Chemist: 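This is the structure, below, for whatever I ask next.
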Amino acid sequence: MIFLTIVAFCALYSSVSAVNMTAVQPYNLTATLMFIQEDLDGDGVMSVAEIDAVFDKYDKNGDGRESRNEYTTMLCEANPALYQLSHYLYDEYDVNGDHHLEKLDYEGFHAKMDADGDGLVTEVEFVTYWIAMFERIETQEAQHVHGNSHEHGHCPAAGK
Ligand SMILES: *[C@@H]1O[C@H](CO)[C@@H](O)[C@H](O)[C@H]1NC(C)=O
Ligand SMILES: *[C@@H]1O[C@H](CO)[C@@H](O)[C@H](O)[C@H]1NC(C)=O
Ligand SMILES: [Ca+2]
Ligand SMILES: [Ca+2]
Ligand SMILES: [Ca+2]
């Protein structure tokens with residue numbers, strides 16, 4: 001009985017928790033495209049105002065917060081293959097770890113990407129940070145350290 005429970009758990013676990021990293025490979029290309037999109041004025045650096053703008057774009061109802069559900073659903077609508085990964089990204093952006101995303105978190109995330117601390121994130125700083133982060137998520141996923149604490153499941157936007 002215990003054995004069967006474990007088998008059932010593992011089957012469930014592996015089928016629902018797999019993060020599809022191929023959806024964001026090659027990491028350097030994905031990161032570069034993200035940077036180009038988020039560097040709104042195209043001057044080659046991401047300012048705090050520009051990461052604030054990313055937040056505003058996703059904060060659809062303008063209440064200053066993005067819930068886990070809002071965030072993961074949004075990424076899912078962009079690409080269903082990103083759904084599981086979006087849970088990891090939510091935690092990466094949630095810099096103060098209170099399980100909500102606010103502008104403060106995005107600004108904290110900007111500071112983490114700003115390796116030389118000059119207040120601006122260059123393309124190199126951005127791409128370097130994201131590649132390392134994707135590689136770290138890939139490793140965590142392989143070791144299952146992030147585990148089943150999340151509602152890993154199918155993309156709700158896909159209606160499945
Ligand atoms: C992973 O994502 C890629 C690219 O979006 C997609 O082509 C592929 O089918 C996905 N694989 C799985 C197992 O969902
Ligand atoms: C990504 O890395 C590969 C291998 O190092 C390289 O050939 C490619 O030009 C890089 N792409 C970008 C967009 O930096
Ligand atoms: Ca800019
Ligand atoms: Ca937070
Ligand atoms: Ca910098």
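Note that the coordinates shown come from a computational prediction; the quantities given were computed from them, not determined experimentally. The analysis underlying the following values was restricted to heavy atoms, covering all of them including side chains, and did not include hydrogens, waters or symmetry mates. Numbering of ligands and ligand atoms starts at 1, following listing order.
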Chemist: For atom 5 (O) of ligand 1, is the nearest protein heavy atom under 4.0 Å away?
Modeler: yes
Chemist: Tell me, which N, O or S atom in Asp41 is closest to the Ca ion (ligand 3)?
Modeler: OD1
Chemist: Where the side chain of Asn69 meets the backbone of Thr73, is there a donor-acceptor pair that is under 3.5 Å apart?
Modeler: no
Chemist: Within the protein, is there a heavy atom lying under 4.0 Å from atom 9 (O) of ligand 1?
Modeler: no
Chemist: Using a cut-off of 3.0 Å, find all protein N, O or S atoms closer to the Ca ion (ligand 5) than that distance.
Modeler: Asp114 OD1, Asp116 OD1, Asp118 OD1, Leu120 O, Glu125 OE1, Glu125 OE2
Chemist: If you measure only the distance, is there a donor-acceptor pair under 3.5 Å linking the side chains of Glu66 and Tyr93?
Modeler: no
Chemist: With the Ca ion (ligand 3) as the point of reference, which N/O/S atom of Asp43 is the closest?
Modeler: OD1
Chemist: For the Ca ion (ligand 3), give me the closest N/O/S atom belonging to Asp39, just the atom name.
Modeler: OD1
Chemist: Can you list the ligand 1 atoms lying under 4.0 Å from a non-hydrogen atom of Ala81?
Modeler: 2 (O), 5 (O)
Chemist: Would you call Arg136 and Glu92 a salt bridge, using N to O less than 4.0 angstrom?
Modeler: yes
Chemist: For Asp94 and Asp105, work out which heavy atoms get closest and say how close.
Modeler: OD1-OD1, 3.4 Å
Chemist: Between Gln140 and Tyr88, does any side-chain donor sit less than 3.5 Å from a side-chain acceptor?
Modeler: no
Chemist: Which pair of heavy atoms, one from Val19 and one from Glu141, lies closest together, and at what distance?
Modeler: N-OE2, 3.2 Å
Chemist: Which protein non-hydrogen atom lies closest to atom 12 (C) of ligand 1, naming both residue and atom, and how far is it?
Modeler: Asn20 ND2, 3.3 Å
Chemist: Would you give the length of the straight line joining atom OH of Tyr83 to atom CG of Asn20, rounded to the nearest 0.5 angstrom?
Modeler: 14.5 Å
Chemist: Taking only residues two or more places apart in sequence or in another chain, which ones pass ring pair (Phe, Tyr, Trp, His ring centres under 6.0 Å) with Tyr90?
Modeler: Tyr71
Chemist: Taking all non-hydrogen atoms of both residues, which atom of Leu89 and which atom of Trp130 are closest, and how far apart?
Modeler: CD2-CZ3, 3.9 Å
Chemist: Could you list the atoms of ligand 1 found under 4.0 angstrom from a heavy atom of Asn79?
Modeler: 5 (O)
Chemist: Identify the two heavy atoms, one from His110 and one from Leu120, that lie closest to each other, and give their separation to 0.1 Å.
Modeler: CE1-CA, 4.2 Å
